[in-house]
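Step one of this worksheet: look at the structure below.
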Amino acid sequence: MTARKRYWLMKSEPDAFSIDDLEKVGTEPWNGVRNYQARNFMRSMQVGDGVLFYHSNCKEPGIVGTATVSSTAYPDETQFDPKSDYHDPKSTREDPRWSLVDVTFERKLKRTITLEEVKQHADALGEGFALTQRGSRLSVSPVTAAQWKYLLALE
DNA sequence: GCCAACGTTGGC
DNA sequence: GCCAACGTTGGC
């Protein structure tokens, strides 16, 4: 079964986990997502899908690199760990509530494509792009092939 | 640190 | 099932 490659935007706070951190570890389980919509997007991911890595809640928010999805979704272990910030007492092993995928470093962009710059291209990106949609706080969201191409051409 | 936007929770 | 209260996100 091969599905057509799809594309995603994944946000991370660089203080917590940056593109440099991903480069260092190579592959990271994308744990801690506790939003159903974001979770559902991860559950629909396929190995090989492209990821735009976005730095949020920092001095210069923007797209800083690319990664690839390197596993399909599986249960996020941190939900079962009482000591974790991400612990969810309502989740059970029999019926895990939260999933994650593994994300593997691909490359850092030569420069940050800042949120400010992305906004200047809002019209070209069209509707339904998370970063230019007002009020969108989803940490995982879909990107079209056209948006992917357009954004990386800005680099 | 402020605050708008939005998701979740829980009383009724 | 409504909705007020509360918590979180994330730009600024």
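Values in this document were obtained by computation on a predicted structure and should not be read as measured data. In what follows, chains carry the letters A, B, and so on, assigned in the order in which the sequence lines appear, proteins first and then strands, with residues in each chain numbered from 1.
- Applying the side-chain hydrogen bond (donor to acceptor under 3.5 Å, both in side chains) test to every pair with at least one member in residues 130-140 of chain A, sequence neighbours left out, gives no pairs at all.
- Scored by the salt bridge (Lys or Arg N to Asp or Glu O under 4.0 Å) test, A/D88 finds A/R97 as partners (sequence neighbours excluded).
- In terms of the side chain to side chain donor-acceptor pair (under 3.5 Å) criterion, residue partners of A/R111 (sequence neighbours excluded) are, by chain and number, A/E117.
- Residue pairs satisfying the ring-ring contact (aromatic ring centres under 6.0 Å, His included) criterion with at least one member in residues 87-116 of chain A, sequence neighbours excluded, are listed as follows: A/Y36-A/W98.
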Without placing hydrogens or testing angles, list every side-chain donor-acceptor pair under 3.5 Å for residues 146-155 of chain A, not counting sequence neighbours.
from: A/Q147; atom 1: OE1; to: A/T144; atom 2: N; distance (Å): 2.9
from: A/Q147; atom 1: OE1; to: A/T144; atom 2: OG1; distance (Å): 3.3
from: A/Q147; atom 1: NE2; to: A/L125; atom 2: O; distance (Å): 3.0
from: A/Y150; atom 1: OH; to: A/H121; atom 2: ND1; distance (Å): 2.6
from: A/E155; atom 1: OE1; to: A/R107; atom 2: NH1; distance (Å): 3.3
from: A/E155; atom 1: OE1; to: A/R107; atom 2: NH2; distance (Å): 2.9
from: A/E155; atom 1: OE2; to: A/R107; atom 2: NH1; distance (Å): 3.1
from: A/E155; atom 1: OE2; to: A/K110; atom 2: N; distance (Å): 2.7

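- Residue A/K11 places no side-chain N or O under 4.0 Å from the OP1 or OP2 atom of C/dT9.
- Shown here are the side chain to side chain donor-acceptor pair (under 3.5 Å) partners of A/Y74, two or more places apart in sequence or in another chain: A/D102.
- Bending across the helix from B/dG1-C/dC12 to B/dC12-C/dG1, expressed as the angle between its end axes from five pairs apiece, amounts to 10° (10° rounding).
- Partners of A/S56 under the side chain to side chain contact (heavy atoms under 4.5 Å, CB included) rule, at least two apart in sequence or in another chain, are A/K11, A/E13, A/Y54.
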N/O to N/O distances under 3.5 Å, protein versus nucleotides 4-8 of chain C:
from: C/dT8; atom 1: O2; to: A/R137; atom 2: NH1; distance (Å): 2.6

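- DNA chain C is contacted by A/Y54, A/S56, A/N57 of residues 49-57 of chain A, taking any non-hydrogen atom closer than 4.0 Å.
- Evaluation of the salt bridge (Lys or Arg N to Asp or Glu O under 4.0 Å) rule for A/E106 yields no partner, not counting sequence neighbours.
- Residues passing the side chain to side chain donor-acceptor pair (under 3.5 Å) test with A/W30: none are found, sequence neighbours excluded.
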